[in-house]
2 protein chains.
Amino acid sequence: MTDPPKAPEGTAADLIASGLRLFGQKGFAATSTREIAAAARTNVASIAYHFGGKEGLRRACGAEVIRRMGTALGNHGAPVPAAPQAAIAEMEATLRSMCAFVTTSPVAAPLVPFMLREVGEGGVIFELVYGAMIEPMHRRFCALWAAATGQEAESPRTRLLVFSLIGQLLYFRVGRPVVTRRMGWDTLGPAEAGTIADLLAANLHSLIERERRS
Amino acid sequence: MTDPPKAPEGTAADLIASGLRLFGQKGFAATSTREIAAAARTNVASIAYHFGGKEGLRRACGAEVIRRMGTALGNHGAPVPAAPQAAIAEMEATLRSMCAFVTTSPVAAPLVPFMLREVGEGGVIFELVYGAMIEPMHRRFCALWAAATGQEAESPRTRLLVFSLIGQLLYFRVGRPVVTRRMGWDTLGPAEAGTIADLLAANLHSLIERERRS
DNA sequence: TGATTTTGATCAATCGTTTGATTAAAATCG
DNA sequence: CGATTTTAATCAAACGATTGATCAAAATCA
């Protein structure tokens with residue numbers, strides 16, 4: 001269908017990396033083009049040259065988010081398993097890999113703050129990422145949930161339930177400062193991510209068991 | 001201990017209201033003092049007069065967040081019920097009122113976007129709100145959880161579990177654009193908030209039941 | 001009246017963008 | 001092939017616009 005988007009190279013890639021990091025850290029408006037250029041070890045004018053301007057760099061960062069998440073969590077095309085046990089297994093595996101990716105992967109590190117701000121401002125980037133990433137993944141999870149519990153995949157209840165599952169996971173990243181503070185953690189590394197993933201998996205199984213009975 | 005903070009009045013209150021809304025909507029740096037003053041129907045210089053500057057207005061907005069949430073969800077002082085059923089009932093009631101407050105209350109509407117940005121930037125405001133609101137509420141919820149399940153209130157597992165409960169709730173507000181889009185909702189009003197609250201309450205009971213068995 | 005609050009004007013600093021010059025590699029030509 | 005032209009990329013410098021802050025004067029209040 002669509003070609004796999006190629007990773008940017010050279011100065012353009014450096015600018016995107018710096019933009020992703022700084023936009024997420026301080027916000028789009030709070031980050032000056034000069035600061036981005038300095039971080040990317042190039043001249044301010046490069047931004048206008050490569051992306052047409054600051055707003056163009058923002059779009060390029062959004063595209064990079066889609067690209068990175070797509071390569072990291074991209075098995076959307078595979079057929080949804082019909083057997084409940086297989087569906088449950090895939091859900092747990094997805095939850096665990098998403099947890100690891102979102103909380104500890106250095107590739108994902110700048111992505112979450114950036115996207116969080118974009119979702120908050122509700123601009124074009126959000127539309128892009130929603131259509132390319134969020135909805136497909138949510139749909140697949142709903143289908144897996146249906147296969148696991150025998151309920152209808154696209155019913156409002158199923159969709160909300162899947163959101164409650166994803167919400168648990170994402171909060172540990174969005175509210176990371178809160179969590180680490182309250183838990184007394186110095187860092188949120190692989191060990192802590194594993195503990196979180198175990199809890200999320202246990203919650204998943206509890207909710208599935210309840211829904212299967214009804 | 002500390003006096004109940006009094007609600008601001010007059011021009012200062014108008015500036016705080018405008019600041020809360022605009023800071024949350026577009027971000028602190030993206031909002032100009034002139035824009036805030038115009039929204040509050042006053043002069044730019046009023047900001048410096050009342051709050052010492054833009055940063056002072058930001059602090060005042062943070063204090064207002066604490067004040068509003070404190071008056072809306074503030075029964076921290078009451079003794080934690082010892083009976084499991086009573087503890088469960090309070091947890092469900094808290095979850096439901098938090099859900100209603102956070103998703104539909106016009107008083108809370110500007111608070112979440114504002115705080116979300118402040119948490120992301122991790123500044124002084126976050127420290128303030130964490131100490132005054134987040135940790136006390138989380139502690140109480142942990143104590144309730146302990147009363148309900150017989151587990152230890154301050155164990156890492158309990159603390160994480162409570163975060164997973166809160167995370168479900170907060171995601172429906174943080175990811176509101178995602179949720180409404182995917183659910184096909186025009187708005188997130190009392191009816192939709194009720195549906196969400198019912199689901200969260202059901203999840204709460206499922207998790208409690210599981211933890212009581214172990 | 002004296003104290004408090006609001007206002008309009010002005011400041012230096014910083015913003016995103018544009019400009020023309022410069023360089024080196026690629027393409028074209030004789 | 002060597003000479004020439006074209007192209008892509010980067011740079012320092014400067015642009016007008018906007019930023020937060022400041023202050024004296026005006027207005028309002030008690």
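Per chain, numbering begins at 1; letters A, B, ... match sequence-line order.
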Length of the [atom1]-[atom2] vector between [X] and [N], whole Å:
{"X": "A:Tyr49", "N": "C:dT23", "atom1": "OH", "atom2": "C1'", "value": "13 Å"}
{"X": "A:Phe28", "N": "C:dC15", "atom1": "CZ", "atom2": "C1'", "value": "12 Å"}
{"X": "A:Leu22", "N": "C:dC15", "atom1": "CG", "atom2": "P", "value": "12 Å"}
{"X": "A:Asn43", "N": "D:dC11", "atom1": "CG", "atom2": "P", "value": "5 Å"}
{"X": "A:Arg41", "N": "D:dA9", "atom1": "CZ", "atom2": "P", "value": "21 Å"}
{"X": "A:His50", "N": "D:dT7", "atom1": "NE2", "atom2": "P", "value": "18 Å"}
{"X": "B:Ile47", "N": "D:dA21", "atom1": "CD1", "atom2": "C1'", "value": "11 Å"}
{"X": "A:Leu15", "N": "D:dC11", "atom1": "CG", "atom2": "P", "value": "10 Å"}

Measure from the side-chain heavy atoms of [X] and tell me the nearest of [options].
{"X": "A:Arg34", "options": "C:dT7, D:dT10, C:dC15", "result": "C:dC15"}
{"X": "A:Ala45", "options": "D:dA12, D:dT22, C:dT6", "result": "D:dA12"}
{"X": "A:Ser32", "options": "C:dT10, C:dG16, C:dT7", "result": "C:dG16"}
{"X": "B:Lys54", "options": "D:dA9, C:dT4, D:dA21", "result": "D:dA21"}

Could you pull out the closest heavy-atom pair between [X] and [Y], with the gap in Å?
{"X": "A:Ala153", "Y": "A:Cys142", "answer": "O-CB, 3.4 Å"}
{"X": "A:Glu121", "Y": "B:Lys26", "answer": "OE2-O, 4.1 Å"}
{"X": "B:Phe51", "Y": "B:Ile16", "answer": "CZ-CG1, 3.7 Å"}

Exercise for review: Give A:Thr33 one of three labels, base, sugar-phosphate or nothing, depending on what nucleic acid heavy atoms sit under 4.0 Å from its own.
Suggested key: base
Exercise for review: Looking at every strand, decide which applies to B:Gly10 at a 4.0 Å heavy-atom threshold: base, sugar-phosphate, or nothing.
Suggested key: nothing
Study note, to complete from the structure: Contacts of A:Ala48 and A:Glu35 projected onto DNA chain C by closest heavy atom; the upstream (5') one is A:Glu35
Review point. Does B:Ser46 put a side-chain nitrogen or oxygen below 4.0 Å from OP1 or OP2 of C:dT5?
Key: no
Practice item. Ignoring backbone atoms, establish whether A:Thr42 has a side-chain N or O less than 4.0 Å from OP1 or OP2 of D:dC11. Key: yes
Check your understanding: Counting only N and O atoms by type, is there a donor-acceptor contact under 3.5 Å from the side chain of B:Thr180 to the main-chain atoms of B:Arg176?
Key -> yes
Point to revise | Lys/Arg cation over aromatic A:Tyr130: B:Arg181, 6.0 Å, 45° cone | key: yes
